[in-house]
There are 2 protein chains.
Amino acid sequence: MTTAGRKIDAGEIAEPFSVAVRKYIAEEMHGHGPKLVGLLANGDPSAKKYAEWTGKACRRDGIRYEVREVEKDDLLEALESANKDPDVHGIIVYYPCFGAFPSFYGGTMDDFLRDSISIKKDVEGLSQFYRANLYRNIRFVDDAQTQKCVLPCTPLAIIKILEHLNVYDKHQPHGEQLTGINITVINRSDIVGRPLAAMLANDGADVYSVDIDSLYLFRRGKLIQTDETPATACKKSRVIITGVPVKDYKLPLEWVSENTVVINVASFKNVDEAALLQIPGVQYVPLVGKVTVAMLQRNLLRLYENFHMKPKKFWQ
Amino acid sequence: MTTAGRKIDAGEIAEPFSVAVRKYIAEEMHGHGPKLVGLLANGDPSAKKYAEWTGKACRRDGIRYEVREVEKDDLLEALESANKDPDVHGIIVYYPCFGAFPSFYGGTMDDFLRDSISIKKDVEGLSQFYRANLYRNIRFVDDAQTQKCVLPCTPLAIIKILEHLNVYDKHQPHGEQLTGINITVINRSDIVGRPLAAMLANDGADVYSVDIDSLYLFRRGKLIQTDETPATACKKSRVIITGVPVKDYKLPLEWVSENTVVINVASFKNVDEAALLQIPGVQYVPLVGKVTVAMLQRNLLRLYENFHMKPKKFWQ
């Protein structure tokens with residue numbers, strides 16, 4: 001079968017990032033990398049599998065990864081203990097854990113856990129502090145601008161993929177490299193679609209954010225009502241990102257124009273791959289996990305350099 | 001008709017607080033009190049009426065109250081301008097304004113507006129900063145403990161009512177004055193029921209928090225699952241607070257034990273008053289608005305003293 005489009009392996013995009021992390025830990029840290037702790041309390045086999053997979057990638061690159069399986073009732077204590085432990089440099093909690101169960105502090109227990117991770121160890125960048133900075137386009141932790149904020153791993157992975165595919169115009173200044181480009185993101189969750197839309201809008205794009213019952217335009221710190229539909233938004237988009245957590249959802253291919261970049265972040269295949277690749281000039285990234293793990297590793301080094309060592313070495 | 005219970009006028013409870021504010025402004029500020037700005041953009045006649053009512057009470061006591069009616073699209077700018085104006089000491093935004101319309105920053109636009117009020121002017125105490133302190137039982141803005149946090153007006157009004165009715169045991173230390181007391185709160189909104197439950201739990205009570213589809217126990221910084229039902233929770237409660245925003249809702253009176261304090265915070269009458277007052281020893285507060293406005297005034301003086309004058313005078 002000949003194809004008009006091109007399928008892209010995320011492994012290729014992740015590789016140089018992983019190599020840089022591995023080399024740095026081997027040469028500068030004598031192979032004794034920072035320590036990442038994963039807290040697993042939800043009894044979900046797919047979370048366990050993801051944790052194992054992350055562990056394998058970390059061990060390959062010299063990062064000490066440790067899964068701690070705990071009962072739900074002991075999770076907050078385990079988190080606080082990891083927050084305090086000077087030999088722990090990054091913490092992941094595997095969600096959903098308490099689901100919609102509310103917290104004394106407002107919001108859900110899962111929100112509360114997410115906000116309870118120390119900003120020095122929040123390798124996923126999803127706590128209130130980093131979220132607020134992301135949405136306000138504040139890129140540094142400190143006033144002296146020496147400590148860059150971490151960004152959430154999956155949205156960051158997509159940015160790196162778009163850079164790799166030259167969707168970013170590197171000749172433009174920061175904040176303008178996506179100016180004039182339309183992007184549709186089909187997902188508006190707090191951990192993927194919404195921060196991704198905000199990050200792309202911060203870089204200059206017009207982002208159509210689609211969820212099950214609404215469509216908004218994100219443009220430079222503003223969320224705007226629009227008459228576009230998912231179909232019209234996709235048709236005018238240079239990039240379409242699908243993240244629909246539903247087995248049977250398939251992106252209607254009549255919405256995809258020629259030369260579009262299509263990225264699937266869902267764990268389900270949101271796209272009929274064979275048919276998509278018949279569209280001329282399409283570039284398709286079916287999985288992003290390897291780039292996400294590479295970003296997790298980079299975030300861990302970022303936190304390590306920001307808060308655990310001076311002077312910085314990995315980032316100049 | 002003879003009644004076994006007693007009905008209590010909130011005006012009586014508000015009076016000494018209003019008098020203290022009026023006297024302080026007259027004597028210490030030469031009648032030129034702090035300035036409170038109300039931002040009205042929702043076109044809701046009942047919000048306008050509430051604003052007028054607040055204005056009347058403020059003028060009576062020497063507080064300069066100004067309503068600013070603006071278009072929705074100009075509201076954020078009007079808020080930022082009031083934040084910056086050194087002659088404005090307190091800001092109220094009348095909600096709902098954008099309803100469920102989401103913000104670029106996460107949450108809804110109304111949440112974003114609420115969190116955008118300067119902590120120096122957040123007279124309702126509903127921004128993220130004061131909410132976080134309330135839920136964590138942090139009672140001061142500063143480490144030196146000279147600047148007390150403001151608390152949300154309606155929940156604070158209910159605390160003052162319960163103090164007035166001697167439900168608080170003033171012989172016990174702070175944080176223990178409601179120990180051993182069960183309270184049911186039928187409402188878990190972010191602006192009334194939830195902060196109220198947290199405040200009562202911070203003072204030692206076991207608080208049953210009831211909403212349309214769930215019931216949780218708030219106890220000293222913890223939210224706990226329980227087998228109680230609204231009926232069993234109310235029956236064992238010394239205090240029942242109703243805040244159901246539904247015209248036809250009436251508290252089932254077979255749930256009310258003798259000697260219970262019943263407080264209605266809803267704008268609808270959630271209680272059949274005549275029948276309730278047949279229950280021996282019941283104390284019933286049908287409206288709390290006057291105490292709420294007195295708390296708003298106290299919060300305004302609190303902010304004024306915390307951030308606009310030294311040394312403090314109203315609070316020693």
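Residue numbers begin at 1 in each chain, while the letters A, B, ... track the order of the sequences.
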#### Entry: Close approach to chain B in residues 129-137 of chain A, criterion heavy atom under 4.5 Å
Tyr135(A), Arg136(A)
#### Entry: Set of side chain to side chain contact (heavy atoms under 4.5 Å, CB included) partners for Thr108(B), sequence neighbours left out
Asp110(B), Asp111(B)
### Task
Look at the side chain of Asp190(A) and the backbone N and O of Arg194(A), then say whether any donor-acceptor pair between them is shorter than 3.5 Å.
no
### Message
Using ring centroids (six-membered ring only for Trp), state whether Phe98(A) and Phe112(A) fall under 6.0 Å.
### Response
no
### Task
With a 4.5 Å cut-off on heavy-atom pairs, point out which of Ser103(B), Pro102(B), Ala201(B) contacts chain A the most.
Pro102(B)
### Query
When you look at CG of Asp213(A), are more than 12 heavy atoms from neighbouring residues, nucleotides or ligands closer to it than 6.0 Å?
yes
### Straight-line distance of Leu79(A) CG to Ser118(A) OG, nearest 0.5 Å
9.5 Å
### Query
Counting only heavy atoms not in Lys222(A), do more than 12 fall under 6.0 Å of its NZ?
no
### Query
Is it the side chain or the backbone of Tyr105(A) that comes within 4.5 Å of chain B heavy atoms, both, or neither?
both
### Query
What part of Pro195(A) gets closer than 4.5 Å to chain B, counting heavy atoms only: side chain, backbone, both or neither?
neither
### Task
Could you label the plane-to-plane angle of the Phe104(A) and Phe218(B) rings as parallel, tilted or perpendicular, counting under 30° as parallel and over 60° as perpendicular?
tilted
